[in-house]
Amino acid sequence: MFRNNRAARIIFPLIIIAILVAVMEFVDFKKEEKKDVIIGKCTISIDCKTVLKNRDTLEMELKDKVPKDGVILKKTKVDLHKGDTAYDILYKVTKDKNISMESNDTAGNKYVKGIDNFYEFSCGPESGWLYQVNGKKPNKSSSDYKIKRNDVIAWKFTCKKGDVK
């Protein structure tokens, strides 16, 4: 059918390419759509309450930056997307609430170095950030811990390893 029609021999492959491009675009769009599906809510809070009883070891320039009650972010409900980790939730909420947050990536795991100007070692040699989910400290990186619907995430700054009260 196309042997005698030069225009048809050129147009037919172009139509096939256009169809393939359209199908590929549709497939990619569907992947993105599935990834952004909200599967529920979770709760997150951020505090540095241990600093209140350890002001003597806090870096001088931070003494005026400590919230009176030690709360940086009160309990806040946020949308939970399929596959979200504890780190993903922290990243999104600090970005949305305009709270500074710095992390680094070590061997594929995110390490939270600082939140709201409170950094590892800024309140002594054992100070830094840790997280809890439903009141328990997971034994894995926050970037590996998948959050489930209704989980309660608490990011806490500790001045003495593990002391978060």
Side-chain angles (χ1 to χ4, degrees), residues 25 27-165:
E25 287 294 317
V27 169
D28 285 346
F29 175 75
K30 284 296 183 190
K31 280 184 189 174
E32 284 298 313
E33 197 173 45
K34 283 183 183 174
K35 191 169 109 179
D36 281 344
V37 171
I38 296 171
I39 61 168
K41 297 265 188 196
C42 64
T43 303
I44 184 170
S45 63
I46 305 170
D47 78 57
C48 60
K49 291 179 182 177
T50 60
V51 171
L52 299 174
K53 61 184 178 186
N54 292 286
R55 284 181 184 271
D56 56 322
T57 57
L58 185 64
E59 291 176 350
M60 198 62 126
E61 62 272 9
L62 290 175
K63 292 189 185 219
D64 292 337
K65 296 183 179 183
V66 180
K68 285 183 174 44
D69 60 358
V71 176
I72 295 168
L73 177 74
K74 64 182 180 165
K75 287 184 177 181
T76 304
K77 284 204 178 281
V78 295
D79 289 338
L80 177 64
H81 295 84
K82 186 175 184 174
D84 276 348
T85 64
Y87 177 83
D88 295 332
I89 299 298
L90 175 67
Y91 179 83
K92 285 188 265 189
V93 80
T94 54
K95 187 175 177 185
D96 290 347
K97 301 290 184 181
N98 223 9
I99 299 169
S100 65
M101 193 273 288
E102 187 177 338
S103 64
N104 63 11
D105 195 328
T106 307
N109 293 316
K110 298 286 187 185
Y111 175 75
V112 176
K113 292 169 42 176
I115 301 173
D116 199 36
N117 298 308
F118 294 92
Y119 284 84
E120 176 183 39
F121 309 128
S122 61
C123 192
E126 296 181 24
S127 64
W129 286 97
L130 57 83
Y131 78 104
Q132 297 174 335
V133 178
N134 303 323
K136 296 179 181 165
K137 185 179 180 325
N139 60 354
K140 58 173 72 174
S141 166
S142 63
S143 59
D144 288 333
Y145 192 94
K146 302 274 190 216
I147 298 300
K148 295 183 224 84
R149 184 179 303 129
N150 298 322
D151 276 352
V152 177
I153 308 160
W155 280 90
K156 297 175 175 277
F157 187 77
T158 180
C159 292
K160 294 178 183 165
K161 256 186 196 157
D163 179 20
V164 292
K165 296 180 178 169

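For the numbers below, each heavy atom of this structure counts, side chains included, while hydrogens, waters and symmetry mates do not. By convention here, the first residue in the shown sequence is residue 1.
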Within a strict 4.5 Å, meaning less than it, do heavy atoms of the Ile46 and Asp116 side chains meet?
no
With rounding to the nearest 0.5 Å, note down the distance linking CE in Met101 to NZ in Lys92.
12.0 Å
Suppose the criterion is ring-ring contact (aromatic ring centres under 6.0 Å, His included): which pairs have a residue in residues 120-142, not counting sequence neighbours?
Trp129-Phe157, Tyr131-Trp155
Salt bridge (charged side-chain N to carboxylate O under 4.0 Å, His left out), paired with Lys110, selected from Asp105, Asp144, Asp88
Asp105
Under 3.5 Å, side chain of Lys160 to main-chain N/O of Glu126, donor-acceptor pair present?
no
Residues at least two apart in sequence or cross-chain that pass side chain to side chain contact (heavy atoms under 4.5 Å, CB included) with Asp69, listed by chain then number, are Pro67, Val71
Residues which pass side chain to side chain contact (heavy atoms under 4.5 Å, CB included) with Glu59, listed by chain and number, not counting sequence neighbours
Glu61, Leu62, Ser122
Partner set under ring pair (Phe, Tyr, Trp, His ring centres under 6.0 Å) for Tyr87, not counting sequence neighbours
none
Side chains of Val78 and Cys42: closer than 4.5 Å at any heavy-atom pair?
yes
From Leu73 CG over to Ile99 CD1, what is the distance, rounded to the nearest 0.5 angstrom?
4.5 Å
Side chain to side chain, Cys159 and Val51, heavy atoms closer than 4.5 Å
yes
Salt bridge Lys146-Asp84, side-chain N to carboxylate O under 4.0 Å:
no
In this structure, OG1 of Thr85 is separated from OH of Tyr91 (nearest 0.5 Å) by 12.0 Å
Any chance you could lay out the side-chain contact (heavy atoms from CB on, under 4.5 Å) test for Ile115 and Leu90, step after step, and finish with the verdict?
CA-CA 10 Å; Ile115 301 173; Leu90 175 67; 4.0 Å; yes
Could you walk me through whether Ile44 and Lys75 pass the side-chain contact (heavy atoms from CB on, under 4.5 Å) test, one step at a time?
CA-CA 5 Å; Ile44 184 170; Lys75 287 184 177 181; over 6 Å; no
Rounded to the nearest 0.5 Å, what separation is found between the OG atom of Ser142 and the CD1 atom of Ile147?
9.0 Å
Where Leu58 and Lys63 come nearest, the two heavy atoms and their spacing
O-CE, 3.3 Å
pair Thr50-Lys156: side-chain heavy atoms closer than 4.5 Å:
no
Heavy atoms, side chains only, cut-off 4.5 Å: are Ile39 and Arg149 in contact?
yes
Heavy-atom check, side chain of Asn134 versus side chain of Val152, under 4.5 Å:
yes
State which residues pass ring pair (Phe, Tyr, Trp, His ring centres under 6.0 Å) with Tyr119; sequence neighbours excluded, sorted by chain then number.
none
Distance (rounded to the nearest 0.5 Å) between Asn54 CG and Lys49 NZ
14.5 Å
Side chain proximity check, Tyr145 to Ile153, heavy atoms < 4.5 angstrom
no
Compare all side-chain heavy atoms of Ile38 with those of His81 and state whether any distance is below 4.5 angstrom.
yes
Looking only at heavy atoms, the pair that brings Gly124 and Ser127 closest together is O-OG, 2.8 Å
Over 12 non-hydrogen atoms of neighbours within 6.0 angstrom of NZ in Lys97
no
Which residues share a side chain to side chain contact (heavy atoms under 4.5 Å, CB included) with Lys148, sequence neighbours left out:
Asp151
